[in-house]
Amino acid sequence: MTIRNVLNEIKSNIKKICLELNFSVDNFVVEEAKPGFGDITSNVTFLLAKSLKNSPHEIAKTISKEYQKYLGKFITKVEAHSSGYLNFSVNYNELTKVILGESCKKNYGTIDIGDNSQIIVEHTSVNPNKSLHIGHVRNLVIGDSIGRILEKANYDVKILNYIDDSGLQVADIVVGFKHGGFPEEPPNSQKFDQYCGDVVYVQTTQKYETDPKLEELRNQVLSQLEDESSDVAQFAKKITKRVLAEQLKTCWRLGATFDCLNFESHIIQSKLWNTIFEKMKQMNLIELEKDGKNAGCWVIRSKSDEDKVLVRSNGTATYIAKDIPYAAWKLGILDDPFYYTKYCVQYNNKALWQTTLEKNSEVHPKFVSDKVITVIDSRQARLQKIITTLMTRFKAKPNAYVHLAYESVTLSTETAKSLGVDASSKQVQMSGRKGIYVNADSVLDTLRDKAYEEAKKRNKDSDKKALLEIAEKVSIGTIRYEMSKQDLDKIISFDTKRSLSLEGDTASYIQYAHARAKRILEKAAHEPNFDNILGSLGTSYEINLIKKIGTFDIQIEDAAKNLSPKVIARYCYDLAVAFNGFYEHVKVLTAGDESLVNSRLCLVSSFKQTIANALDLLGISALDRM
RNA sequence: GGGCCCGUAGCUCAGCAUGGAUAGAGUGUUGGACUUCUAAUCCAAUGGUCAAGGGAUCGAAGCCCUUCGGGCCCGCCA
């Protein structure tokens with residue numbers, strides 16, 4: 001029994017009453033009331049007012065009268081408020097025991113939306129020619145958090161990372177190494193992905209402007225990449241593997257893990273495109289253009305937009321054409337041409353698989369599903385819409401393919417200036433090609449150093465190793481929280497200075513609340529005894545905290561249904577606020593009365609577990625000391 | 001020219017799905033609280049024509065329309 005159950009019960013009772021009274025209504029809401037307006041409230045009266053031609057207040061009176069028979073242990077009072085609302089009072093003495101008891105269970109908050117059905121989440125998918133920048137981090141954090149949330153909502157989640165190892169960006173660094181004079185080994189033992197992105201890619205791209213021959217070489221390299229046996233393709237494979245290995249280190253550092261790496265080169269070699277191309281022809285989804293500017297091309301017609309070219313007049317496929325077989329593969333529309341091998345075992349003991357075309361007999365998990373979520377920047381919305389539409393034609397099920405779009409991360413004027421960019425506008429778009437970006441590892445390092453100093457101040461007797469561990473977890477938490485707490489359709493203007501803040505609405509505020517709770521439990525004379533909770537946790541600070549703890553599953557339902565990590569981020573913050581208020585105003589260890597001490601210890605313990613659970617959904621570590 | 005997104009306090013943002021009670025946080029500024037379970041905290045003050053206009057509604061920050069301001073996308077590039 002949680003608050004969610006209580007709300008559902010009230011809702012179903014109201015439905016029954018409406019049925020009995022012949023009131024026709026649906027879609028009404030039963031929710032927690034705003035502070036100062038009782039405990040639980042419903043707007044059903046307002047929705048009925050019109051059809052019944054009566055005032056909400058009068059309707060509330062009628063329903064509350066009928067509701068009396070449903071009152072019981074948890075809901076003790078119902079009343080018609082003069083504003084028209086139907087308000088319910090909760091007996092927190094009773095509900096507290098239940099909530100605190102539930103919250104220590106390992107799976108507290110778990111709800112069943114997914115019915116253990118499989119779902120694929122794809123995220124990160126950074127071209128293997130560069131290191132992750134702060135924009136990629138947003139993608140990773142959203143995807144990873146969504147994966148965790150969906151798992152909590154009882155989905156069987158598999159996470160994919162798509163590796164575009166045969167595109168133009170890879171060709172660019174191959175040109176740099178083979179023809180641009182860049183040594184294969186980075187100077188000063190620079191991290192290899194950073195070397196490729198910061199130096200080789202950026203400078204090679206610059207050289208195209210002055211050296212047209214180099215640009216011709218790029219086209220050669222690009223076509224050679226598609227022939228796996230070529231020297232160029234073999235060399236590219238070596239380089240991209242090395243970049244990928246470094247990128248994965250950053251991903252793991254950020255707390256993300258994957259189930260499978262899907263290589264674009266394998267999609268191309270598997271000839272999946274030919275299959276899907278034929279299928280689209282058969283289904284009349286595409287047309288061969290006879291005249292006009294696209295004469296000789298295969299195009300997708302669009303009512304609202306321009307026609308999209310899929311196959312050029314020279315017979316080669318365009319960029320979007322690579323995405324179509326891949327999307328179809330993910331949804332299991334095409335026969336799976338791949339074999340799988342283990343890439344490695346990740347830090348959390350989860351195996352990471354990768355596609356291969358070499359035959360083997362390894363037993364592997366299923367990486368295709370009839371429900372797929374792909375996390376991609378909203379700038380690709382137009383292309384993704386075409387793919388989504390195509391997929392619904394292949395697969396009748398609606399929402400099988402979801403493009404989870406998020407707005408980009410830009411740089412604040414100050415941060416752009418610090419990178420030497422001439423910034424006149426309020427924000428500056430990042431550009432990997434131009435070298436305008438903030439590197440993910442660098443931000444984490446800077447943040448870790450700052451957190452280290454803060455932790456050192458407060459823990460003078462702790463050793464360096466322990467402090468570093470704290471600092472690292474604070475820095476990861478800070479970045480992840482920063483990337484999670486904002487709505488997906490809002491641009492994040494990244495400012496280095498601002499992101500260094502460890503106060504206020506930040507991860508460290510929440511982590512600190514957890515550390516405070518942990519310290520109380522450490523110093524307590526005995527373990528909290530949950531069989532002996534008094535109904536006397538009556539201060540508003542305690543009730544607020546209990547209420548927040550009791551709504552964990554409501555938040556998970558919201559976050560999972562709306563694919564919104566932000567919901568959990570705000571919940572974590574609200575929960576921490578409730579605890580800090582409690583901490584400052586209510587004494588636990590020195591409360592005097594022994595049973596009161598025990599009851600409060602239970603509350604502290606319950607909070608500690610719940611906040612740790614909630615933070616885990618965001619990939620943020622709960623800290624025992626900081 | 002067409003499409004998508006954003007506009008709420010000085011700044012950064014919740015709230016909008018499901019219209020209803022008093023529009024909330026953080027930050028900033030000002031003041032206060034550590035002999036106390038860690039002050040990465042708490043308390044208080046300050047701060048809002050919810051971009052503008054219109055519409056439907058008993059009722060709009062929220063729904064519809066228009067306008068304005070800002071961002072992004074629209075290649076036989078990827």
Side-chain angles (χ1 to χ4, degrees), chain A residues 27-29 31 33-38 41 43 45-47 49-50 55-56 81-85 87 127 164 167-169 171-172 222 289 293-299 304-306 308-314 316-320 322 377-383 385 405 407-408 410 412 425-427 429 451 454-455 457-459 474 485-493 495 498 501-513 515-524 558 561-562 566 569-570 573-574 576-577 580-581 583-591 600 604 625-626:
Chain A
N27 269 336
F28 66 93
V29 171
E31 60 193 350
K34 286 189 236 174
F37 292 100
T41 189
N43 68 347
T45 51
F46 293 102
L47 302 180
K50 192 161 202 177
S55 77
H81 190 265
S82 58
S83 61
Y85 273 103
N87 287 347
N127 285 320
D164 181 359
L168 194 66
Q169 298 201 14
D172 285 329
L222 195 58
E289 189 71 74
K293 62 172 183 158
N294 291 336
C297 301
W298 285 92
V299 300
S304 49
D305 293 318
E306 297 252 317
K308 188 76 204 163
V309 173
L310 274 189
V311 177
R312 304 182 184 98
S313 51
N314 69 5
T316 58
T318 59
Y319 170 70
I320 187 176
K322 291 180 184 174
D377 192 327
S378 66
R379 284 176 289 199
Q380 300 229 30
R382 184 180 286 253
L383 290 181
K385 198 180 162 199
E407 272 293 345
S408 49
T410 63
S412 73
S425 57
K426 213 175 167 189
Q427 53 186 9
Q429 295 293 322
E454 295 293 326
K457 272 188 228 163
R458 296 168 174 84
N459 298 277
V474 169
K485 74 173 180 182
Q486 201 138 318
D487 204 84
L488 296 186
D489 52 20
K490 250 164 196 149
I491 294 169
I492 292 180
S493 173
D495 185 87
R498 211 187 310 136
S501 168
L502 299 174
E503 285 163 19
D505 185 7
T506 62
S508 40
Y509 175 93
I510 303 162
Q511 289 170 316
Y512 185 63
R516 280 177 143 183
K518 170 72 183 174
R519 295 288 278 166
I520 292 177
L521 295 169
E522 272 174 14
K523 295 196 172 181
D558 185 354
K561 284 185 174 164
N562 295 306
K566 169 192 70 177
R570 303 222 84 88
Y573 179 71
D574 290 343
V577 167
N580 276 329
Y583 184 94
E584 294 280 343
H585 299 99
V586 181
K587 291 299 155 208
V588 178
L589 300 179
T590 53
R600 286 185 177 160
V604 172
R625 278 193 93 129
M626 57 189 291

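Below, chain A is the first sequence line, B the second, and so on; all start at residue 1.
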If I take atom NZ in residue A:Lys566 and atom P in nucleotide B:rC16, what distance separates them, rounded to the nearest angstrom?
8 Å
pair A:Asn580-A:Tyr509: side-chain heavy atoms closer than 4.5 Å
yes
Below 4.0 angstrom, N of the basic side chain to O of the carboxylate: do A:Asp487 and A:Arg570 qualify?
no
Would you call A:Glu306-A:Arg382 a salt bridge at under 4.0 Å N-O?
no
Between the side-chain atoms of A:Thr506 and the base atoms of B:rA40, is any donor-acceptor pair under 3.5 Å?
no
Regarding B:rA40, can its base be found pairing with the side chain of A:Asn580 as donor and acceptor, where the two atoms are less than 3.5 Å apart?
no
Going by modelled atom types, is there a donor-acceptor pair between the base of B:rC76 and the side chain of A:Ser313 at under 3.5 Å?
yes
Using only heavy-atom distances, decide whether a donor-acceptor pair under 3.5 angstrom links the side-chain of A:Tyr509 to the base of B:rA40.
no
Given B:rG71, B:rC6, B:rG2, which nucleotide is nearest the side-chain atoms of A:Arg382?
B:rG2
Check whether the side chain of A:Arg570 and the base of B:rA25 form a donor-acceptor pair under 3.5 Å.
no
At under 4.0 Å, does any side-chain N or O of A:Lys485 touch on OP1 or OP2 of B:rG26?
no
Can you list every stem that RNA chain B is part of, counting only runs of 3 or more consecutive Watson-Crick or G-U wobble pairs with both distances under 3.5 Å?
B:1-7 with B:68-74, B:10-13 with B:24-27, B:28-33 with B:41-46, B:51-55 with B:63-67
With heavy atoms under 4.0 Å as the rule, sort A:Arg379 into base, sugar-phosphate or nothing.
sugar-phosphate
